[in-house]
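These notes concern the structure reproduced below.
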Amino acid sequence: MDVKDSNGTLLSEGDSVTIIKDLKVKGSSTVLKRGTVVKNIRLTSSPDEVEGRVDRTVMVLKAAFLKKA
């Protein structure tokens, strides 16, 4: 399964990615700011989502809002 970022670059386990748009976190008042770096991502069973740790919290992020760092 191929997971691609917003630019079409292939992502793999352990890559670092940057958030390209301010994202609201569902169920929280937190906002992930543009330019935030998420290190050591993990791929999920869905080809358009990745899992990563942001501010000591594990979150599932849409690959369309990420670019490889």
Side-chain angles (χ1 to χ4, degrees):
M1 165 176 47
D2 294 336
V3 179
K4 295 183 179 181
D5 68 359
S6 61
N7 295 329
T9 306
L10 286 176
L11 298 175
S12 59
E13 294 273 334
D15 283 346
S16 293
V17 293
T18 305
I19 298 174
I20 63 168
K21 177 182 175 184
D22 288 354
L23 301 173
K24 293 181 184 177
V25 178
K26 283 188 176 179
S28 174
S29 61
T30 308
V31 175
L32 299 178
K33 295 292 185 180
R34 185 176 133 215
T36 302
V37 176
V38 182
K39 297 178 182 177
N40 199 16
I41 62 168
R42 289 177 291 198
L43 303 180
T44 62
S45 58
S46 175
D48 61 340
E49 295 177 342
V50 297
E51 206 174 88
R53 180 172 242 130
V54 181
D55 298 331
R56 298 180 299 275
T57 306
V58 176
M59 296 186 187
V60 176
L61 304 166
K62 294 264 186 192
F65 299 116
L66 305 173
K67 79 173 180 180
K68 193 169 183 177

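When all heavy atoms of S16 and N40 are compared, the pair lying nearest together is OG-N, 4.2 Å. The two residues T18 and A69 come nearest to each other via the heavy atoms OG1-CB, 3.7 Å.
Looking at heavy atoms from C-beta onward, L66 lies in side-chain contact with L61 at the 4.5 angstrom threshold. Counting heavy atoms from C-beta on, the side chains of I19 and R34 never come closer than 4.5 Å. R42 places a side-chain heavy atom less than 4.5 Å from the side chain of V58. At least one side-chain heavy atom of V3 sits under 4.5 Å from a side-chain heavy atom of V50. With a 4.5 Å cut-off on side-chain heavy atoms, K68 and D15 count as touching.
Summarising the geometry, atom OG belonging to S6 is positioned 11.5 Å from atom NZ belonging to K21; distances are rounded to the nearest 0.5 Å. Residue M1 holds its CE atom at 10.0 Å from CG of D48, rounded to the nearest 0.5 Å. Note that CZ of R53 and CE of M59 are 11.0 Å apart. Values are rounded to the nearest 0.5 Å. We find the CG-CG distance between L11 and D5 to be 5.0 Å, quoted to the nearest 0.5 Å. The CG atom of L32 sits 9.5 Å away from atom OG1 of T57, with the distance rounded to the nearest 0.5 Å. The CZ atom of F65 lies 6.0 Å from the CG atom of L23; values are rounded to the nearest 0.5 Å.
The environment of D55 atom CG is sparse: at most 12 non-hydrogen atoms of other residues, nucleotides or ligands sit within 6.0 angstrom.
In terms of modelled atom types and a separation under 3.5 Å, the side chain of T44 and the main chain of E49 share a donor-acceptor contact.
In the hydrophobic cluster analysis, where Ile, Leu, Val, Met, Phe, Trp and Tyr join through side-chain heavy atoms closer than 4.5 angstrom, I20 is grouped apart from V25.
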